[in-house]
2 protein chains.
Amino acid sequence: MPKPVLWFTLYCLAEMGAYGRGIQISTTSLAEKLELSQQSASRHLIELEHLGLIERHITARGELIQITNKGVEELRRVHLGLNTVLEKPTPTFLTFEGEVFSGLGEGAYYISLRGYRRQIVKKLGFDPYLGTLNLKLTSKIDIQTRKELDVYLGIVLEGFENETRSYGPAKCFKALINNAVEGAVVTAFRTHYDESVLEVIAPVYLRTRLNLKDGDKVQVKVFILRSPEFSA
Amino acid sequence: MPKPVLWFTLYCLAEMGAYGRGIQISTTSLAEKLELSQQSASRHLIELEHLGLIERHITARGELIQITNKGVEELRRVHLGLNTVLEKPTPTFLTFEGEVFSGLGEGAYYISLRGYRRQIVKKLGFDPYLGTLNLKLTSKIDIQTRKELDVYLGIVLEGFENETRSYGPAKCFKALINNAVEGAVVTAFRTHYDESVLEVIAPVYLRTRLNLKDGDKVQVKVFILRSPEFSA
DNA sequence: ATTACTAATCATCGAGTAA
DNA sequence: TTTACTCGATGATTAGTAA
């Protein structure tokens with residue numbers, strides 16, 4: 001979590017449209033909105049950039065500011081917290097629809113590692129098929145929803161290291177694929193690769209079990225744990 | 001708007017349950033959550049109390065903290081802002097159901113004042129019947145929703161003064177009563193009386209027009225202006 | 001215009017401690 | 001145990017100004 005003052009500046013930027021389309025603004029006008037000096041606005045932007053929460057392109061007449069995925073995550077975290085506090089119903093599951101595509105087989109590699117595999121058996125309750133089903137999310141709303149996963153509590157697979165290298169932690173959610181097979185969705189922890197992809201694992205080979213080929217549509221129901229995580 | 005640091009402390013308190021039931025907590029344990037010193041936690045609580053955002057009852061072993069309506073409003077304001085930013089659909093109207101009851105006739109008094117009446121004609125487009133229909137909200141969800149009105153933009157009736165005294169500003173929302181009559185809901189601006197009451201005005205005498213007597217249920221559809229207000 | 005440096009100012013914080 | 005004071009240290013903000 002960034003410091004409250006910085007979070008607030010980030011929030012202000014978002015209100016002005018820096019999420020998505022991005023905005024062009026001068027530090028002076030930002031300062032007015034924040035009720036701070038031009039110098040402080042400038043410093044805040046520098047610090048937010050260093051934290052990786054915004055991207056900037058400084059031009060002659062102001063700067064182009066865009067909130068990064070990491071930045072949106074910080075906003076989303078508080079949003080979820082407020083949802084809970086203000087008694088907005090928190091979903092118990094999220095549904096996605098994606099198209100099957102072939103990855104490069106890294107999924108299979110990671111799952112085959114004993115460090116991960118043993119945790120999957122223990123924490124998810126099944127011995128995974130050694131491969132992942134990659135789903136490309138196409139609708140805008142699904143991609144949007146996908147990002148919400150980042151701030152929900154999931155089942156954590158701890159990072160570990162073997163002789164060769166070290167492996168980071170990952171976050172899983174139990175899931176139901178095509179309303180038929182129980183499995184899980186796996187997301188790397190705090191690594192922002194492609195936000196429009198869902199990686200699914202299951203105890204069985206999903207392609208044969210569900211008779212899938214590239215381009216087929218698949219529905220996934222992802223189960224959320226109650227409260228949003230709240231930590232740095 | 002309180003300072004960002006204080007807002008954040010307020011938010012933390014809310015997360016711990018200080019909204020609604022209230023919490024018993026020591027400044028030391030609060031300090032841990034905030035990652036601040038006990039002294040700072042203490043100071044924050046003092047300041048929040050001075051701002052009227054929380055109420056405290058200090059006991060031998062910690063203090064009882066309760067977030068006030070004003071405090072919740074501050075949280076709600078940011079929540080709504082985040083809704084907009086994160087592209088959650090903002091409602092265009094809110095619906096309520098309440099029971100008719102007889103007030104003390106102050107409604108009629110206020111509306112009869114030229115200072116308000118002229119603004120109603122001009123800004124709401126009708127000449128109001130000189131009285132209000134009081135609705136008591138009974139369901140918890142309606143009372144909850146009623147509070148949301150505080151942070152939405154409405155049509156503002158400016159305050160004024162006459163020979164006798166001065167009158168504060170009020171906020172209105174156009175409304176549809178029982179899906180039949182067009183009128184408006186009036187809320188005093190930043191005065192927190194009874195949060196479970198809705199005051200309705202209309203160009204006609206609603207009790208005869210809709211054939212209402214005390215205790216009858218009435219549906220009200222309240223129309224919201226686009227964006228939430230964002231100011232002190 | 002801009003952004004952002006340095007230096008001076010001012011607010012906030014935490015240590016120590018009283019009640 | 002508590003809360004919350006004083007006060008010196010820390011850190012954030014603004015003024016002035018360079019680029």
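Chain letters run A, B, ... following the sequence lines, proteins first and then strands; every chain starts at 1.
The interatomic distance linking Ile58(A) (CD1) with dA1(C) (P) rounds to 19 Å, in whole Å. Going from atom CG of Leu6(B) over to atom C1' of dC13(C) covers 13 Å, rounded to whole Å. Atom pair His50(B):NE2 and dA4(D):C1' shows a separation of 12 Å (rounding to whole Å applied). In this structure, CZ of Phe8(B) is placed 16 Å from C1' of dT12(C), rounded to the nearest angstrom. The CD1 atom of Ile46(B) sits 10 Å away from the P atom of dT3(D) (whole-angstrom rounding). Protein atom NE2 of His44(A) is 15 Å distant from nucleotide atom C1' of dT3(C), rounded to whole Å. At whole-Å resolution of the value, CG in Leu48(B) and C1' in dA4(D) are 15 Å apart. Straight-line distance from the CD1 atom of Ile25(B) to the C1' atom of dT1(D): 16 Å, rounded to whole Å.
Arg77(A) has no carboxylate O lying under 4.0 Å from a charged side-chain N of Asp150(A), or vice versa, which leaves the two without a salt bridge.
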How does protein contact run along nucleotides 14-19 of chain D, one letter per nucleotide 5' to 3', with B for base contact, S for sugar-phosphate only, - for none, heavy atoms under 4.0 Å?
-> BBB---
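Annotation: the span from Leu34(B) atom CG to Leu30(B) atom CG amounts to 4.5 Å, rounded to 0.5 Å.
In this structure, dA1(C) forms no base pair with any nucleotide, since neither Watson-Crick nor G-U wobble geometry is met with both distances under 3.5 Å.
Using modelled atom types and a 3.5 Å distance limit, the side chains of Glu15(A) and Tyr11(A) yield a donor-acceptor pair. Using modelled atom types and a 3.5 Å distance limit, the side chains of Gln38(A) and Thr28(A) yield no donor-acceptor pair.
Ranking dT3(C), dT2(D), dC13(C) by closeness to the Val5(B) side chain, first place goes to dC13(C).
Ser42(B) comes within 4.0 angstrom of a base, heavy atoms only. Leu34(A) comes within 4.0 angstrom of nothing in the nucleic acid, heavy atoms only.
Within the cation-pi definition used here (under 6.0 Å to the ring centroid, within 45° of the axis), Lys221(A) qualifies as a partner of Phe93(A).
Note on Arg56(B): every side-chain N or O is 4.0 Å or more away from OP1 and OP2 of dT2(D). Residue Lys3(B) has a polar side-chain atom (N or O) positioned under 4.0 Å from OP1 or OP2 of dT12(C).
Positionally, the nearest nucleotide of DNA chain C for Arg61(A) lies more toward the 5' end than for the other of Glu47(B) and Arg61(A).
Ring centroids of Phe160(A) and Tyr167(A) are separated by less than 6.0 Å, placing the two rings close together.
Pairs passing the ring pair (Phe, Tyr, Trp, His ring centres under 6.0 Å) check and including a residue from residues 33-66 of chain A, sequence neighbours excluded, do not occur.
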